[in-house]
Trainee: 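Take a look at this one; I'll ask things after.
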Amino acid sequence: SLMVVNQLNGIFTVKNHDILPIYEDILSKLGEFEAVSFTHTNREKNVIADHEANLAINKTLGKA
């Protein structure tokens with residue numbers, strides 16, 4: 001999501017305590033790469049990723 005991209009780029013702070021561990025895990029892994037960039041792509045321009053994300057959400061919620 002755009003919010004997550006902005007959080008990872010340091011534009012927004014993470015206020016949701018449920019996602020804070022995930023955010024911190026991502027930050028801890030950034031040092032393993034020479035360079036990293038986070039960019040947002042609208043759902044309409046990334047249909048496959050949107051479909052996969054929806055499948056994962058449904059599976060997590062027991063709707064799959």
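When a residue number appears, it is its place in the shown sequence, counting from 1. Hydrogens, waters and symmetry mates play no part in the numbers below; they use all other heavy atoms, side chains included. The model shown is predicted, which means the values in this text are computed figures rather than measured ones.
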Trainee: Answer with yes or no whether the hydrophobic clustering places Ile57 together with Met3; edges join I, L, V, M, F, W, Y residues whose side-chain heavy atoms lie under 4.5 Å apart.
Mentor: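 In one cluster with Ile57: Met3, no.
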
Trainee: Starting at CG of Leu55, measure out to OG1 of Thr60 and round the result to the nearest 0.5 Å.
Mentor: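 Going from the CG atom of Leu55 to the OG1 atom of Thr60 covers 10.5 Å.
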
Trainee: Side-chain atoms of residues 17-24: list all donor-acceptor pairs with protein atoms under 3.5 Å, sequence neighbours left out, distances to 0.1 Å.
Mentor:
none

Trainee: Which residue pairs pass the salt bridge (charged side-chain N to carboxylate O under 4.0 Å, His left out) test when at least one of the two sits in residues 31-49, sequence neighbours left out?
Mentor: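 Sorted pair list: Arg43-Asp50.
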
Trainee: Taking side chain to side chain contact (heavy atoms under 4.5 Å, CB included) as the test, write out the residues that go with Ser37, two or more places apart.
Mentor: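 Not a single residue meets the side chain to side chain contact (heavy atoms under 4.5 Å, CB included) criterion with Ser37.
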
Trainee: Which residues pass the salt bridge (Lys or Arg N to Asp or Glu O under 4.0 Å) test with Lys29, sequence neighbours left out?
Mentor: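 Checked Lys29 against salt bridge (Lys or Arg N to Asp or Glu O under 4.0 Å); matches are Asp25.
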
Trainee: If you count the non-hydrogen atoms of other residues, nucleotides and ligands that lie under 6.0 Å from CD1 in Ile48, is the total more than 12?
Mentor: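 Open: at most 12 neighbouring heavy atoms sit under 6.0 Å from CD1 of Ile48.
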
Trainee: To check you understand the geometry: which heavy-atom pair defines the closest contact between Phe38 and Leu30, and what is its length?
Mentor: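 So the minimum-distance heavy-atom pair works out to CZ-CD2, 3.8 Å.
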
Trainee: Would you give the length of the straight line joining atom CG of Asn54 to atom NZ of Lys59, rounded to the nearest 0.5 angstrom?
Mentor: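 Going from CG on Asn54 over to NZ on Lys59, the span is 15.0 Å.
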
Trainee: Minimum heavy-atom separation for Lys15 to Gln7, with atom names?
Mentor: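 Of all heavy-atom pairs spanning Lys15 and Gln7, the closest is N-NE2, 4.5 Å.
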
Trainee: To the nearest 0.5 Å, tell me how far Leu27 CG sits from Leu8 CG.
Mentor: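 Going from the CG atom of Leu27 to the CG atom of Leu8 covers 6.5 Å.
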
Trainee: According to side chain to side chain contact (heavy atoms under 4.5 Å, CB included), who are the partners of His40, at least two apart in sequence or on a separate chain?
Mentor: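 If we apply the side chain to side chain contact (heavy atoms under 4.5 Å, CB included) test to His40, skipping adjacent residues, the hits are Leu2, Val5, Asn42.
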
